[in-house]
Structure formats: C-alpha cells, structure tokens
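Data first, discussion second: the structure below is written as structure tokens.
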Amino acid sequence: MTSLPIVKITDLDKYFGRLHVLKNINLEVPERQVVCLIGRSGSGKSTLLRCINFLEEPSRGAVEVDGIKVNTETKGRERHQLIHDVRLKTGMVFQEFNLFPHMTVLENVIEGPVTVKGIDRKQAIELAEQNLDSVGLLFKKDEYPLRLSGGQKQRVAIARALTMQPRVMLFDEPTSALDPELIGEVLNVMKKVAYEGMTMIVVTHEMGFAREVADRVIVMSEGKLIEDGEPEKIFNSPQDPRTESLLIRYKSGGG
Amino acid sequence: MTSLPIVKITDLDKYFGRLHVLKNINLEVPERQVVCLIGRSGSGKSTLLRCINFLEEPSRGAVEVDGIKVNTETKGRERHQLIHDVRLKTGMVFQEFNLFPHMTVLENVIEGPVTVKGIDRKQAIELAEQNLDSVGLLFKKDEYPLRLSGGQKQRVAIARALTMQPRVMLFDEPTSALDPELIGEVLNVMKKVAYEGMTMIVVTHEMGFAREVADRVIVMSEGKLIEDGEPEKIFNSPQDPRTESLLIRYKSGGG
Amino acid sequence: GGGGGGAAASDLLGAIQERGYILVSTDPNYAPQSFLNTDGSRPSDTKCPSDALTTAEMQGFDVDVAIAIGDSLGVETCFATPSWDAITAGSWADKWDVSVGSMTITTTRQQVLDFSVPYYYTPAVMAVAASSGIDSLDGLAGQSVCAGAATTYEAWLNNDMEGLGLPESSIYASVPEGVTVVPLETDQECAQAIAAGRTDFVAYVTSETVVNANIAEGMPVIKLDGAVYSEDLAAAFDKSSTLDTASLRAKVDELFKAMHEDGRLSELSLKWFEVDLTVAPNQ
Amino acid sequence: MTSATQQEASPSHAELLYQAQLRKERLFRAHVGVSWVILLLILIFLFSGQKIQIGQLEYQTIQLDSEFILKNLIFIAGGLGQTLLISILSISVAVTLALLAALGRLSNFPPIYAISAFYVSLIRGTPLYLQIFFFFLALPQLGINLSGVVAGVTALGLNYGAYMSETFRAGLSSVGKGQREAALALGMTSSQTMRRIVLPQALRFAIPPMGNDFISMTKDSALVSATGFVHELMWRAVKVGRAQFNNLEALIIAAMFYWALTLILTYFQSKLETRLAKGDR
Amino acid sequence: MTSATQQEASPSHAELLYQAQLRKERLFRAHVGVSWVILLLILIFLFSGQKIQIGQLEYQTIQLDSEFILKNLIFIAGGLGQTLLISILSISVAVTLALLAALGRLSNFPPIYAISAFYVSLIRGTPLYLQIFFFFLALPQLGINLSGVVAGVTALGLNYGAYMSETFRAGLSSVGKGQREAALALGMTSSQTMRRIVLPQALRFAIPPMGNDFISMTKDSALVSATGFVHELMWRAVKVGRAQFNNLEALIIAAMFYWALTLILTYFQSKLETRLAKGDR
Ligand SMILES: Nc1ncnc2c1ncn2[C@@H]1O[C@H](COP(=O)(O)OP(=O)(O)OP(=O)(O)O)[C@@H](O)[C@H]1O
Ligand SMILES: Nc1ncnc2c1ncn2[C@@H]1O[C@H](COP(=O)(O)OP(=O)(O)OP(=O)(O)O)[C@@H](O)[C@H]1O
Ligand SMILES: [Mg+2]
Ligand SMILES: [Mg+2]
C-alpha cells in the first residue's frame, strides 16, 4: 500500500442488542483506492459501511477518516462535531436511492452544498449541473425523483453525493434494486468516478465491476474480514473455503 | 400449438392519454405453456400483462381467459362479473411483491381463499401451508412480511397467488427487485411451478431462466410484438435487429 | 325526551292534566332562585320523564313557585334545564310547558312569549369592588362595568331602552357618563372576576338578590344604595306553541293572585331571600 | 394466432380516445358542480318558509325573518375581523407549540420528553372552557393578570397545540428512516434534517387533519368572547339573536361567514396538498 | 493494516454491552416517570393555597375550597354516565359517517361525490352550536321532533363525522396503489379490498388524529346539555359552580374526570398504534 490511509478502522465492534455483528474489524484504505466489499447476506457489510459515517454507532473501536479520529472515548459536543466533519468527508449512496421526493433533481443535488456548506446558491447550481452532466442527467434536472427510472435515480444520488466533494465515497449495493438493464448505466458512472481518482468503498454483487475497477476485494463473513487482496487473487485462488462457496453462488445466482 | 388457448388476446389497443402503449396486440397462449416476455423498458410489457387481468382497462380489443371473454362491448354489471371471474383464473406476482404488511405470512396466503372464495379457514390454512412448504417458507408462516428478505417476500407472493389455484400465472419482473444472491431461490420456485404444468406468462430479464424453462419467448418493442418463437431460435438467430440489440444489452448489463 | 306532545288534546292545560305532570323550564345557574339540590335523589314513583329533573333534585324560590303551580293543577312538577337562550328565544317546539325562571317582562320578549302576572319584583342594583373606593353611581363615570350578556342589565347599561323594554315608571336611575360595558357569560362571572382580582372592571349590575348572595358568600363587593330600576318577574309561555296556552295562563294568573293575597309568596320570599320582594315597588 | 386484421390505429383514433377521456373528466366535474348547486338549492328551500304538499301531508319549511337578517347582517359581519385576528394569533401559537411538543416526544432527554407528554395529556385531558376560565379568572390569583384577548389566545393556542402535536407526531413517523439517513449522510445537522427533509414530507399527511384544526379554530375562537372584550362573529350573532329573539337567523348569518372562511381555507388546503404531493404522483 | 491486538470479544462482553443498553432504556423510562411526578406535584402545589416567599416577593398560590370539592364530587361524578353515553353514541355515528364520506370522495359517481363533499363542507363550515340548535329547535318546524339526546347525538355525530372524514381521506391516500392492485388481482371486490386491505393500513395514520377526535368529543358532548334534558359532567359542574360561587373548583372536578377518560383513551390508542405498527417496524 503506497499512500497514506484515508480511512482507518481500528478494533471495531458492533452489537445489535445481543447480536455481535462486527467482530474486531481492522481496516485501512489508502487514498484513491477502490475497495469492493463482498459477502453473504447478513455478514455485516452494510453495518461496516454505515459505521464509517456513523449512521450506526460503533459499540467499540475507532474510525478515522482523512485524519479525523472518533473513538469510544470521544464524547459529547466534541464527538458530535467530529462525526459531522467525518460526514462531510464521506459521500454515501444507498441501495434505495433515498432521493428527497419533495425536491426536484437539481434541488436534491444542491441541498447539501447550500444547506450544509453554506455555498452560494448560484455557485451550487453550477457545481450541481456539472455533476448532473457527468452522470448524463442534466436534461432531467427539473423533474421530481418519482418520474425517474431506478437507474436515473441512482445516478442522481451519486451526483448528489459527489457535489459535496467528499474524500471518500461509500456505496451500499447501489445497483441491486435496479433492473439488470439499468445496472449498466450506474456501473458506468461509478467507473468514471473511480477513474477520476476517488477513494471508494463499494458493497456490491457486481463481480464484473469488481474485477474491472477494484484495486482490492475484501470478503466478509459473520462479522469478520476473512479475505483481503487483489481481485484476480481473490477470484482465481481464494484461500478461504467460504469465499469459494460465495463465488459459486454469485455465478449461479446472477442472470 | 397443440392444445386449446387458455389466454387469447385479440386486437388489443391501450392508450395512456395520448400515448399509444399497446398497438393492436394479438396473442394466444395454450395451456401449460411458459411464455417469457422480453423487451426494453417502456415497451409495454407490464401494461400487456396488466391488461390480461384488467388491472389496466384495455382501450379496445378483447381478452379471453379460460373461455371467459371480455371485450369493449361488455359493459356494466356483466363486465364487472366477468373481470372478477378472469381474476380468479389468473394469479399475479408483482415486481414489488405487494405483500400485505399488516398480515402475517400465513394470513397473506389464506386471505384470498378465505375472503374471495369463501373457503373454510381450516382448509385454507392446510392449502396455504402446502404451498408455503413448496416455496420453502413454512417456517416463516407467523412472521410479518417486513421481517423477510426480498427473495422470501417474493416466494410468499408466489405462494399467495398459487393458493388461489389459478389457471394462469402472470409474473411481472419477479426477480428484478432482488439481490442477485436471492434471485436464484425465486427462479427455482418458478421453475418448480412451471414443471408442475402451470401456464405462465413471465416478464423477465433472466435469460438463463428463459432459455431453460420457457417454451416460447416473445419480444416486445414500442407496444408491438416484434418476435415470437422458441427460446433457442430467438436467442441464437433473432430476425429483428431490435431483438439483437436488446440481447446485446442484456449480456453486457447483467452481472 | 321533551314534555308535551303525547295528548291528543289541543289545549295545554288538558294535556298536562292528562299526563299527570307539568314540565317547567328553569335555569339552575342562580341561587337562591333556582339551583340544584345535590343531595336530593329522584323519587322512584315519579311520573317525570327520565331525562327531566324532579322536585327533589332542584331547590330555590322559583322552584317552590313552580311546585305551587303543579300542586294547584293537581299534577307533579318536573323540570327541564335548557340554556337561557333557548328559553328566551321562544319556539320551544312544545318541549316544555312553561318557564318559571325569574324572567323579566320586557316588551321585546312579549313578541315571542306570553307572560303571567308578576309573582315577584326585584330591584336591579349596582355592586362595586370594595377595593375601588367608589360609593356612588356618579363615581362610576368613565369606568368599566360588567353585566351578564344579553340581560336587561346590559341593556340598561347600554342605554338601550327599547331592549330593556320596561315602563318609564320602573326606571329610577340613568347610567353614569362614559361607562364601558363588559358583558360576560353570566353576572356570576362578573362577581367572580372581581373576587379573583381582575381589574378589567370595577362594578357590575344585577338583581339585588344576586348581590346579596354574593356578599353573603364573602365576595369583596359592596352594594350601592338605591335600585337603578325594578323588574317585574313572571312565568312565561310560548306564543308559538301548537297547543292553546290560554287556559293554563289563566290558571297560573289566578294562582299567583291568590298567593299574593294569602301571603304564600311573601312567605317563600322571606324563606329564600330573607326579605319580602313580592310587593310591587311603586305601590 | 388470429391474423392481424387491423392496421395500427390511425393517429386520429388515438386523439379521439384521448379527447373522449378528457370529455369524461370534464363531464364528471360538471356533474359534481350541478349536484352541488342542487344541494345548495335544497338547503335554501329548506329555509324558505315555503309550504309544500305531498299527497295528504302538508309541510311548511323553516321560515326565516328576512327583515332581521338584512338589518343585522352588517353588524354581525363586523365581528369577522376579530374572529380572524384571534384565529390567526391562536393558530400561530398552536402550530409552534405543536411542533415543539411533537419534537419533544422524539427527544431522548427525559425531562423534555416528559414535559411534552405531560403538556399534551393535561391539555387534551381538560376542557378548553376550563382553560380559558383558568387563564382569565384563576391566574390573577397568582398575580398574573392577562387581558381577555391574551388569556383567550393563550388558552386556545395551548389547547390546539396539544391536539395538533399528535397530528404532527403521526406525520413525522410517516417519513421513512432512509430520508433521515440520507440527510445525515450529507452532513446535515439533526435540526436541518428535520426542517428541510422530514417536516416538509411529514406535512403531507398532516395537512388534512391540520386543515380540520384550522377550520374548527375559527369557530372555537368564539369562546374567547367569554372573557368580555372580544366581539367576534358568534358573540355578535348571539347578542342580536338574543336581544331580538331571532337566534336561528342570527346563527345562520354567522354560519354563512364561517362557511365562507372554511371554503377559503379548504381552497388553500387543497392547493397546498397538491403542491406537497408534487413529488408523489 | 494494524495488527489485531485483541481477540474477538468474549461473550460476557457482549452480554455486558447488552445489559448496559437495557439499563439505559429502563433509566430513561424511570426518569420520564419521575419527571411526570414532579410536574404533577407542581400542578398540585399551584392549587394548594400555599404562600411562598421569593426574596422580597410573596406569592400566594391558588386556593381551592376543599369543602366544596368534597361535597360536590359525587354529584358531579353522576354526570359521567351521560357523558360516556353521549360520547360513545356520537362517536359511533361519526365514524360511520366519516367512512361513508371518505369513500364517497373516492367515488366516480358524481352525485355521491358531490354529496360527500357538500356534507363535509357544510358541516365543517358551520358551528356545532348552530347544528345542535338546529336539530333541537329548528327541525321541529319541519315536523321532525327529536329529543334532546337524539338531536344532540345526531348533531355531534354529523359534526365529528365531517371532520373525521378528512382524516380518513388522508389515511386512505397513504396506502400504496400496489396494495389495492394485489388485492384486486386476488379477485377481491373493491369493497373487500377496502375493508380487508386498505382500511386497516389507512388506520395506522388515522389513529392519532382520530384519538384527538375521540378525546375532544368527550368534552364537546357537554354542548348537548344546552338542549335542557342532558345532565352530564360539565353541566353539573357549571351549575353547582355558579350557584355556589365555586366555578373553578367545580370545573376542576369535572376536568379530573375528563382527564381520567383521556388517559384511558390514550392508553388504548397507544396499544392500538403498537398493534397496527406490528408489520411496520
Ligand atoms: N438495526 C438493526 N437491528 C438489529 N439487527 C440488525 C440491524 N441492522 C442489521 N442487523 C443485523 O445485523 C446483521 C448484519 O446486517 P447487515 O445489514 O450489515 O448485513 P449485510 O452484509 O449488509 O447483508 P445484505 O447483503 O443482506 O444487505 C444481520 O444479521 C442483520 O439482521
Ligand atoms: N399509468 C400510466 N400513465 C401514463 N403512462 C403510463 C402509465 N403506465 C405506463 N405508462 C407508460 O406506458 C409505456 C409502457 O409502460 P410499461 O410499464 O408497460 O413498460 P414496460 O415494458 O413494463 O417497462 P419496464 O421494463 O420499465 O417495466 C411507458 O412509456 C410508460 O411511461
Ligand atoms: Mg446490506
Ligand atoms: Mg414493467
């Protein structure tokens, strides 16, 4: 690993009630790396991702994003502020898009810059239009999300996250709620983002994408990182029998 | 075509406002046939399917299911009654599952037999349990839909439709809201239903399923049926250039 | 519900005698004229409709007068308690037979109601907050004065002689200059507002009996000497009744005259008011 | 397959079908309009004092004193301003309190939660009349002497605030978790998330019950006149009605103004509903 | 990667964290309970008649006449039955009408649609007081002579029905199209779909505003006593309060009963909410 880690997770544990969902996770992601996170349903992929921007509170351990470190000892106002800073450094794209239905596409995209960063509205619109253009949806800017196809919604969600100019993008199965036909357009946008040098952590079932774009694939199982390496290595010579069975499933399951 | 047509669509047109969505459709499906309907987004696949059980009112033309014929001339009470009869002959599985969230899995499945057919509750439960068992979800019968995975939801939806003992099953992209990992389980259930001799019309992007299970593939484009034939024929030597480009898309898009 | 109806007779008196009870409306907002007897319970052998009150559940001067009416007709007396508005508006739809509720005879009310002869007379007086230091009507010039909304007291304060509807001879004083009128729901609220320490107004006008009761209750008010006017209070009948009320009115008039004469009314007045209010003031 | 006997429908056919559809919608609206007019006429007839004969039976409809109505219309209308003023003031107080109470119910700081819940329970639990009475006649005993209007508006605002907070609570719970998370992930503070994302969506479901509250507030504002210094619509109607023994006529005059207010409010409500539903249909 | 310095947490550690979580929840509930008690004590203190001295200022809290309260408690309580009876009758009428009106608004038969809309508009547009007055004293002019209770219940039911129908309408529109379609596809008639699928889900959103209506109905039932033959809680309180110059005490007695009713209704409401939310969380 060549450059400084931009995301660093240390000794992270997460419980839901009695359920131990993440078990002593340690992970460093250097800048500009594209990491794909794979694993069975329920293995804790989403929870790990959501711990990075504190949509879930880790039960124990530290998360550091671009030098901002939050651990179990950080409390009160300071914690609040640091979590806010971490969220500014990270952009997230959800499986269910979560566009704001009461705002047009453009309003969705400028909402963050204007409300959170206090950027001038005009400037925000410029920035937003650039990003909408780069996901190929500038012509839909005045539509309401309801009128978009799933693929279009997801591309807007990506543009919305990008317009906040985050250091790291987190994707949680961004294509799995889409018709296969529409998956391609979203993956293409993600590729573009990756090639422009964004650090990305992507939970995905898209093996083609992982193979082609990822610098690194991490396999999760029952709350632990069981395998970690270059895509070719993981796909061609998995070390763990669980990885093997996972890959077989993907091959038979997908269309 | 060897046996009597169980679904027969004649000169069907459908408009949404000024938009001509289905253009003079003629189609016969014989009993026990499994038909896959493919086509680009917006080509009218869902609308055609929904015209068969009158979730959409055809603007013109006739639909006949198992001898019950409804056309533009059928009006008033008679039409009402006939549509009801048609719906009893057809079972539908939606992309978004549409399970009833306020009922448990078992309640979802017996709702139709008990409320619509007036079957004795005990008998309905027996029937429901058989069908839940055959989709592998008997152990979830007392859960609420919210607690199920997408694949499980869809299998319950299939069990719900089957428990009404329809003559024809209509599937509208039953796997496209699912994680690839979960698609397999639903396709397996659908295969099982097909092999038991059910007449099925399936809108799907799952080419593997079409190839393996379908007796016939129909390609739609801009509201018309542009190609119709055995899967091998359609996939290997498509006649229409639009079919060709559609198949290329599927190959590149899917995982 | 309701009273009348039932009988096929077209005469109210006949109907009352046939059904065996008379249904009297009264407003139990005022002690000692008419208020609830919270200790009384409904007798088991009563003829009163289930939603009407019986003589055991009500008490007061008006109540005793009403009972006397029932007794003289040889029927049981029962009470309905509609809002004062519903009584004074007329058009009772035969839901009760007569009002015995210290109603002042006014010319406007006479448009919709028929009145008996008066059964007693009360002077209207001005009560002032003890803390105000005011001791005469003139001292109230430019002040705010309270009265029950839509009462004769409010009409007098507003110099609305038509609304007041009393003969010149019963009016003894005119309103002080520049008075602001504050109408509250009932005159009871006027007294209570002063007792609660509100300073929106310094005085209120109402009947002497009410002021006496207020003072007896220990409210910090004093009564100004001299009545401002006098009211003739009578029983009332609905002009729009579908049954003929003439014979009942005649009976009630006859009874009141007899009770004035034989001192029964004076006795009741002394019992409830501790003064005799049954003599017309200008007599 | 039966052979396709018919070519694709000509564009004019599509147009015809579309026009037929539009015609149908226009017809529906027209029929509804006509039905309304008929209902209104029936209502007016009911109060016309007309005699009608059905077979043997003779009916007399309700007779109103039109002279009284004409004479007092203007006087009663004079209360409209006060009614509006009190309603607007009270509803502003109510909406503010309702919002605070609804948010308080989401708080995880126990005293805030308890105060919100206590407020809603106590105020919904006791009659508005007592509350007005309390502010007007009991608070002075504590040395707090509010004027009639202030006491009335405070009581009305507190009262409606408690009821409305329940409506808000239902609205807030109708907004999915994903919306909050998306906003937080963008770096919004919880108050920004509430203000910009959750509330506007919660309003969608809260609008019809809130419309109810606004509309009934216009009528409950009459209770404030019990404090003696407010002469709004109802007070004036009752006053002239009592004085001239035309309660029904007077109330009907007031009712006409209230109805007009309601129609205006309903109009804005449905505008707002459509607007908030924009992203929804 | 930093080397894993720590082995997987021991099971007892998971248990500890879980217990801590549970403790936190229990603590929250306890704190809320304590806060409630404190607020209640403050309320009681406010009416205790105690003198308090803060620096120079001397305050006297509100003094209640406890003798009056004891003497009249039972009498006022005697109105509870009537209050309950009228509330229950009226709410039944209201819910029925509300449902019909809300469904009418979905009808595509113009007269039905128009009647529903007209009903809601007219009734919401005019004061409840007029409506009761109308049913009791004006209808007899048309030969329809209703008893006090019947007139009152009819008016109250009509009135609340109109308001509630708006709440239902909002609830109905919150149920997705997919639910209706799934039911129709199963062969359900539209009335079965409504009854079995749409209504139960619509109720989820309608429950809190409906709770509001139930609760305020218990108080508005007092208006029926204006007709003269109904002696419920509020009527009794006002009459003994006025006659004996203890309005505040009398109203507070009534308020305590209303509050108790409200607490009971709220309890059932939250039970119902939890039940209807079963499939939802
Ligand atoms: N809010 C929650 N409360 C309780 N348990 C939860 C919660 N969220 C997730 N879990 C549980 O935590 C475990 C990990 O869930 P997570 O969503 O992280 O898995 P995942 O790997 O993302 O799975 P999938 O591929 O299905 O999205 C699962 O067992 C899940 O049931
Ligand atoms: N309710 C509606 N109102 C107006 N237009 C509609 C409606 N439903 C569908 N359409 C339009 O009809 C056309 C056909 O839609 P349909 O849903 O049948 O396509 P589809 O082949 O199922 O597409 P997809 O693969 O995206 O589901 C599209 O142009 C769509 O926009
Ligand atoms: Mg996940
Ligand atoms: Mg479709």
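Values below: every heavy atom of this structure, side chains too, minus hydrogens, waters and symmetry copies. Fair warning: this is a prediction, and the values are worked out from it, not measured in the lab. By convention in this document, chain letters (A, B, ...) are assigned in the order of the sequence lines, proteins followed by strands, and residues within each chain are numbered from 1.
- Only the side chain of C:E189 comes within less than 4.5 Å of a heavy atom of chain E; its backbone N, CA, C and O stay farther away.
- Within 6.0 Å of CD1 in E:I74 there are 12 or fewer heavy atoms belonging to other residues, nucleotides or ligands.
- When heavy atoms are compared at a cutoff of 4.5 Å, C:D27 approaches chain E solely by way of its side chain, counted from C-beta outward.
- Here the closest non-hydrogen pair linking E:N145 and C:A93 is ND2-O, 3.6 Å.
- Nearest heavy-atom pair across E:N246 and C:Q192 is N-NE2, 3.9 Å.
- Chosen from C:N214, C:T38, C:T242, C:L53, the residue pairing most often with chain E at heavy-atom distances under 4.5 Å is C:T38.
- With a 6.0 Å radius and a threshold of 12 heavy atoms from other residues, nucleotides or ligands, C:E274 has its CD atom at or below the threshold.
- Open room surrounds NZ on C:K47; 12 or fewer heavy atoms of other groups in view lie less than 6.0 Å from it.
- Considering CD of C:E185 and CZ of E:R242, their distance stands at 5.5 Å, rounded to 0.5 Å.
- Heavy atoms of C:A196 lying under 4.5 Å from chain E are absent altogether.
- Contacts between C:W84 and chain E at a heavy-atom distance below 4.5 Å are absent for every atom of the residue.
- Side-chain contact between E:V230 and C:D51 is absent, with no heavy atoms from C-beta onward closer than 4.5 Å.
- Contact annotation for C:Q59: neither backbone nor side-chain heavy atoms come within less than 4.5 Å of a heavy atom of chain E.
- Heavy atoms of other residues, nucleotides or ligands lying less than 6.0 angstrom from CZ of E:F268 number 12 at most.
- The shortest distance between side-chain heavy atoms of C:L23 and E:F229 falls below 4.5 Å.
- The main-chain N or O of E:L146 is found under 3.5 Å from a side-chain atom of C:K95 such that the two form a donor-acceptor pair.
- Two residues are said to be in side-chain contact when any heavy atoms from C-beta on lie closer than 4.5 Å; C:P28 and E:W235 meet this criterion.
- C:T81 places a side-chain N or O within donor-acceptor distance of the main-chain N or O of E:G228, the cut-off being under 3.5 Å.
- By the 4.0 Å N-to-carboxylate-O rule, E:K71 lies too far from C:D39 to be salt-bridged with it.
- With no hydrogens or angles considered, no side-chain donor-acceptor pair links E:N247 and C:Q188 at under 3.5 Å.
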